[in-house]
Student: 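Structure incoming, see below.
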Amino acid sequence: MSLDDELVAWERSVPEELRSDVLWKSAAYRLATYASDFVWPDLARLEADPRTKGIAPQLASAVGSIGANYAEGYSRASGRDRSRIFEYALGSAREARHWTYEARHVIGIERATQLLALLTRIIQLLTVTIVRERNRNIGRPEPSPIPRRRRPTRDV
């Protein structure tokens, strides 16, 4: 079964509470969530080998934070704020790709190659999303996080 076929089968197993959220329409979020599940069996193998014991928590943290950061950024009101948090997700995806390459000796070349391909797709989607969000509000002022107080006017 190809990675795409596995993704389709996996999507059917995701609870309706996640699939019914508008966030689920984002391919980057779906792939990031899938990557977290995909890497799960590899983490135990990495943890069991003394040479890669330290890689397991790094990989788990990096992969898990891609979707978490994307979900947080998706909920922000301004394009500038969204793009900033999406950049955190992008950084995590690149970090996860690094740890996946390091883990290849234990998880195997085939698993590592599949995960690298998945992470690369996520990186590509995030890169396009970040550029789009940065450009979304060009020419429009960003909303101020703190309302400005009006200065009292003097009668002259």
Side-chain angles (χ1 to χ4, degrees), residues 1-138 142 145:
M1 187 183 300
S2 75
L3 192 59
D4 288 334
D5 293 336
E6 288 179 27
L7 177 61
V8 169
W10 170 83
E11 283 182 347
R12 285 190 218 114
S13 74
V14 174
E16 181 63 25
E17 290 80 8
L18 290 178
R19 288 185 290 121
S20 65
D21 191 313
V22 68
L23 177 62
W24 191 252
K25 291 179 182 179
S26 166
Y29 177 74
R30 287 193 317 275
L31 290 175
T33 306
Y34 176 63
S36 289
D37 279 359
F38 182 86
V39 77
W40 194 259
D42 300 319
L43 298 174
R45 291 171 55 195
L46 291 167
E47 182 73 29
D49 190 316
R51 297 169 298 174
T52 55
K53 187 177 179 99
I55 292 175
Q58 296 284 358
L59 182 59
S61 177
V63 171
S65 69
I66 301 167
N69 281 312
Y70 191 91
E72 181 181 352
Y74 191 87
S75 301
R76 297 303 173 116
S78 73
R80 182 181 298 157
D81 208 17
R82 272 192 304 277
S83 66
R84 180 179 55 82
I85 296 174
F86 288 162
E87 286 171 349
Y88 298 152
L90 177 60
S92 293
R94 287 193 166 127
E95 179 185 357
R97 199 167 55 174
H98 169 81
W99 291 121
T100 299
Y101 181 72
E102 296 293 322
R104 75 192 184 284
H105 302 291
V106 171
I107 68 173
I109 297 296
E110 184 177 338
R111 284 288 291 179
T113 300
Q114 288 176 319
L115 186 52
L116 288 169
L118 180 58
L119 292 167
T120 298
R121 282 168 63 182
I122 294 167
I123 289 167
Q124 291 166 342
L125 289 167
L126 286 171
T127 302
V128 169
T129 301
I130 289 165
V131 169
R132 184 189 68 227
E133 290 300 326
R134 278 187 195 144
N135 292 333
R136 179 177 242 161
N137 291 334
I138 288 181
E142 290 288 326

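Numbers here simply count residues along the sequence, with the first being 1.
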Student: Indicate yes or no: at least one non-hydrogen side-chain atom of Ile122 is less than 4.5 angstrom from one of Tyr70.
Tutor: no
Student: By salt bridge (Lys or Arg N to Asp or Glu O under 4.0 Å), which residues pair with Asp49, not counting sequence neighbours?
Tutor: Arg51
Student: Quick one, Lys25 and Val22 - any side-chain contact, counting heavy atoms below 4.5 Å?
Tutor: yes
Student: Scan residues 95-114 for pairs that pass ring pair (Phe, Tyr, Trp, His ring centres under 6.0 Å), counting only residues two or more places apart or in two chains.
Tutor: none
Student: Kindly indicate whether the side chain of Thr33, heavy atoms from C-beta on, has any atom under 4.5 Å from the side chain of Val14.
Tutor: no
Student: Counting C-beta onward and ignoring hydrogens, is there a side-chain heavy-atom pair between Asp42 and Val106 closer than 4.5 Å?
Tutor: no
Student: Roughly how far, to the nearest 0.5 Å, is CD1 of Ile107 from CG of Leu46?
Tutor: 6.0 Å
Student: Hey, does the side chain of Ser61 reach the backbone of Gln58 with a donor-acceptor pair shorter than 3.5 angstrom?
Tutor: no
Student: May I ask you to decide if Ala77's main-chain N or O and Arg82's side chain share a donor-acceptor pair within less than 3.5 Å?
Tutor: yes
Student: Does anything in residues 53-79 form a salt bridge (Lys or Arg N to Asp or Glu O under 4.0 Å)? List the pairs, not counting sequence neighbours.
Tutor: Glu47-Lys53, Glu72-Arg76, Arg76-Asp81
Student: Scan residues 1-17 for pairs that pass salt bridge (Lys or Arg N to Asp or Glu O under 4.0 Å), counting only residues two or more places apart or in two chains.
Tutor: Asp4-Arg121, Glu11-Arg30, Glu16-Arg19
Student: Output every pair passing ring pair (Phe, Tyr, Trp, His ring centres under 6.0 Å) with a member in residues 11-65, not counting sequence neighbours, ordered by first then second residue.
Tutor: Trp10-Trp24, Trp10-Tyr34, Tyr34-Phe38
Student: Quick one: salt bridge (Lys or Arg N to Asp or Glu O under 4.0 Å) pairs with a partner in residues 92-103, sequence neighbours left out?
Tutor: none
